[in-house]
Number of protein chains: 2
Amino acid sequence: MSLPHALLTSLAERPCSGLELAGRFDRSIGFFWQATHQQIYRELARLEEAGWVRSTAVEASRGRKRNYELLPAGRKELKRWVVAGDDPKPLRDELMVRLRAEAAIGPLGLQKEMRRRLALHEEKLATYQAIEAKDFADPDASREDRLRHLVLRAGLMQEAMWIELAREAIAILES
Amino acid sequence: MSLPHALLTSLAERPCSGLELAGRFDRSIGFFWQATHQQIYRELARLEEAGWVRSTAVEASRGRKRNYELLPAGRKELKRWVVAGDDPKPLRDELMVRLRAEAAIGPLGLQKEMRRRLALHEEKLATYQAIEAKDFADPDASREDRLRHLVLRAGLMQEAMWIELAREAIAILES
DNA sequence: CGGGGCATGTAACCTGTTACATGATTAG
DNA sequence: CTAATCATGTAACAGGTTACATGCCCCG
């Protein structure tokens, strides 16, 4: 149940409208948490109901832009949640199921799909590296920037891991 | 939508009952795909409906053990799915949201939770390494075993990545 | 004044989660 | 014969996904 807190975080960074939030979930936040605009509108309504955010109140507001901002109660809830313990969700990946099936009933020609995946991950890694070079070059960055950099590095490491795995998989599948 | 195919894969490895499948999803398969027995029973009913698996047919079978086995149509479906293209699901992790929130409204004392996570991942890594040493020591393993080994290595690399990230996070949070 | 893009919203559905219910089998 | 355990199942709900609907606003 992180979506509400991802929204609170984003609103803490800067107040904005629902659609603008959706945009952020396609970019920066979306690197580690995704949400569609439908989900966001549903959740924003709940957050307002709970008194955690406030919007420029307009009745019958379909089509009208609404700006949301974080309220003190929302900030308090976010602070509570950040330091709350929570067990990590284990790895859950379809590709592992495919490899296991290939082992059980193969060979089926999984190399082709693995090569496609390899290319995708290499492309994404390049994208992340470009962002890193552009936004996080400063070696004496602030604590805030170093934390944001770390989040990006998580994405980088993830992609590097997939690339390594895809290469090993291809080597086995082709032997 | 991988659960049905994870079940087909498991049944391809060996026919068995629903509860036994649930057991496997707590062990080997569960390292990369999880499911509760409720989910498994629901899905098995669908797979049988679709003609992909067959069970020892007993009417009004509550409480009676049912053994399931893969049918040719199920095997065909599994083969189709294994090589079907599918975009990787991006990283989705609550901890990244927490780090971003810590950057936005911190410091909040996230170190404590990070240290707990670090210990959890170190423990899991040790578990995986023990399995690796026990089951995958042979350097001249079969193609099948090398694929299974690769799946385990994915888990190992994942845990190693989290350990590295947790350490870097703690260093930043404590500076 | 009409069409396209911006912005919000509804509805239906699927997967996964949690809590609980019930029947069969076996050990003592 | 009864308690524990094996085994299957029902119900309700929450979160995520997809398709679609509606209203506002500005530009030509």
Side-chain angles (χ1 to χ4, degrees), chain A residues 1-8 10-11 15-26 29-30 32-50 53-68 81 86-94 97, chain B residues 1-8 10-11 15-26 29-30 32-50 53-68 81 86-94 97:
Chain A
M1 230 198 41
S2 301
L3 176 58
H5 300 95
L7 290 170
L8 293 175
S10 199
L11 289 173
C16 68
S17 71
L19 204 67
E20 203 178 328
L21 280 170
R24 291 189 206 169
F25 275 78
D26 279 341
I29 304 254
F32 53 89
W33 204 270
Q34 303 83 44
T36 60
H37 77 268
Q38 292 90 334
Q39 249 182 300
I40 289 168
Y41 287 126
R42 179 164 62 186
E43 201 59 45
L44 280 173
R46 287 176 192 161
L47 295 179
E48 190 164 22
E49 175 76 18
V53 305
R54 181 178 60 176
S55 73
T56 56
V58 184
E59 315 252 336
S61 61
R62 192 164 199 155
R64 292 288 276 257
K65 185 166 180 172
R66 288 165 81 99
N67 270 288
Y68 286 87
W81 176 82
D86 188 22
D87 285 347
K89 301 273 173 291
L91 180 64
R92 194 175 229 194
D93 199 280
E94 301 199 356
V97 182
Chain B
M1 229 199 40
S2 301
L3 177 57
H5 300 96
L7 289 170
L8 293 175
S10 200
L11 289 175
C16 68
S17 71
L19 204 67
E20 204 179 327
L21 280 170
R24 290 189 206 168
F25 274 79
D26 278 342
I29 305 251
F32 52 90
W33 204 268
Q34 303 83 45
T36 60
H37 78 268
Q38 292 91 335
Q39 249 183 300
I40 289 168
Y41 286 126
R42 179 164 63 187
E43 202 59 45
L44 280 173
R46 287 176 192 163
L47 295 179
E48 191 164 23
E49 175 77 17
V53 304
R54 182 177 61 177
S55 73
T56 55
V58 185
E59 316 251 336
S61 62
R62 192 165 198 153
R64 291 288 274 258
K65 187 167 179 172
R66 290 165 82 98
N67 269 286
Y68 286 87
W81 176 82
D86 187 23
D87 286 347
K89 301 273 173 292
L91 181 65
R92 194 175 229 192
D93 198 282
E94 301 198 355
V97 182

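In what follows, every chain begins at residue 1, and chains take the letters A, B, ... in the order their sequences are listed. If you're wondering where the values come from, they're calculated on a predicted model, not measured in any experiment.
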Along DNA chain D (nearest heavy atom to each residue), the more 5'-positioned of S17(B) and K89(B):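 Residue closer to the 5' terminus by nearest nucleotide: S17(B).
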Separation of E20(B) CD from K65(B) NZ (nearest 0.5 Å):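 With rounding to 0.5 Å, NZ (K65(B)) is 6.0 Å from CD (E20(B)).
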Distance (rounded to the nearest 0.5 Å) between Q39(B) CD and T36(B) OG1: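 Answer for the CD-OG1 pair, Q39(B) versus T36(B), is 4.5 Å.
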Length of the line joining [X]:[atom1] and [N]:[atom2], which is rounded to integer Å:
{"X": "R64(A)", "N": "dG23(D)", "atom1": "CZ", "atom2": "P", "result": "14 Å"}
{"X": "E49(B)", "N": "dG9(D)", "atom1": "CD", "atom2": "P", "result": "14 Å"}
{"X": "R24(B)", "N": "dA7(D)", "atom1": "CZ", "atom2": "P", "result": "13 Å"}
{"X": "L19(B)", "N": "dG9(D)", "atom1": "CG", "atom2": "P", "result": "11 Å"}
{"X": "L44(A)", "N": "dT10(C)", "atom1": "CG", "atom2": "C1'", "result": "16 Å"}
{"X": "I40(A)", "N": "dT10(C)", "atom1": "CD1", "atom2": "P", "result": "16 Å"}
{"X": "L21(B)", "N": "dC6(D)", "atom1": "CG", "atom2": "P", "result": "16 Å"}
{"X": "L7(B)", "N": "dG16(C)", "atom1": "CG", "atom2": "P", "result": "10 Å"}

What's the shortest heavy-atom distance between [X] and [Y], and which atoms?
{"X": "L21(B)", "Y": "C16(B)", "value": "CG-SG, 3.6 Å"}
{"X": "N67(B)", "Y": "S17(B)", "value": "OD1-N, 3.5 Å"}
{"X": "V97(A)", "Y": "A6(B)", "value": "CG1-CA, 3.7 Å"}

With a 4.0 Å limit, can you tell me whether Y41(A) has a side-chain N or O closer than that to the phosphate oxygens OP1/OP2 of dG9(C)?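 Checking dG9(C) against Y41(A), no side-chain N or O comes under 4.0 Å of OP1 or OP2.
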Please enumerate all protein N or O atoms sitting under 3.5 Å from an N or O of nucleotides 13-15 of chain D, with distances to 0.1 Å.
from	atom 1	to	atom 2	distance (Å)
dG15(D)	OP2	R46(A)	NH1	3.3

Hey, does Q38(A) reach any base, or is it just sugar-phosphate, or nothing, if we go heavy atoms under 4.0 Å?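 It contacts base atoms.
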Any donor-acceptor N/O pair under 3.5 Å between dA7(D) base and R66(B) side chain: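 Answer no: no donor N or O sits under 3.5 Å from an acceptor.
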Partner set under salt bridge (charged side-chain N to carboxylate O under 4.0 Å, His left out) for R46(A), not counting sequence neighbours: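 Counting only residues at least two positions away or on another chain, R46(A) forms a salt bridge (charged side-chain N to carboxylate O under 4.0 Å, His left out) with E43(A).
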Choose from dG9(D), dC6(C), dT22(D) the nucleotide whose nearest atom is closest to any side-chain atom of R62(A).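 So the side chain of R62(A) is nearest to dT22(D).
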If only side-chain N and O atoms count, and only distance matters, is there a donor-acceptor pair under 3.5 Å linking R66(A) with S55(A)?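 S55(A) vs R66(A): donor-acceptor pair found between side chains.
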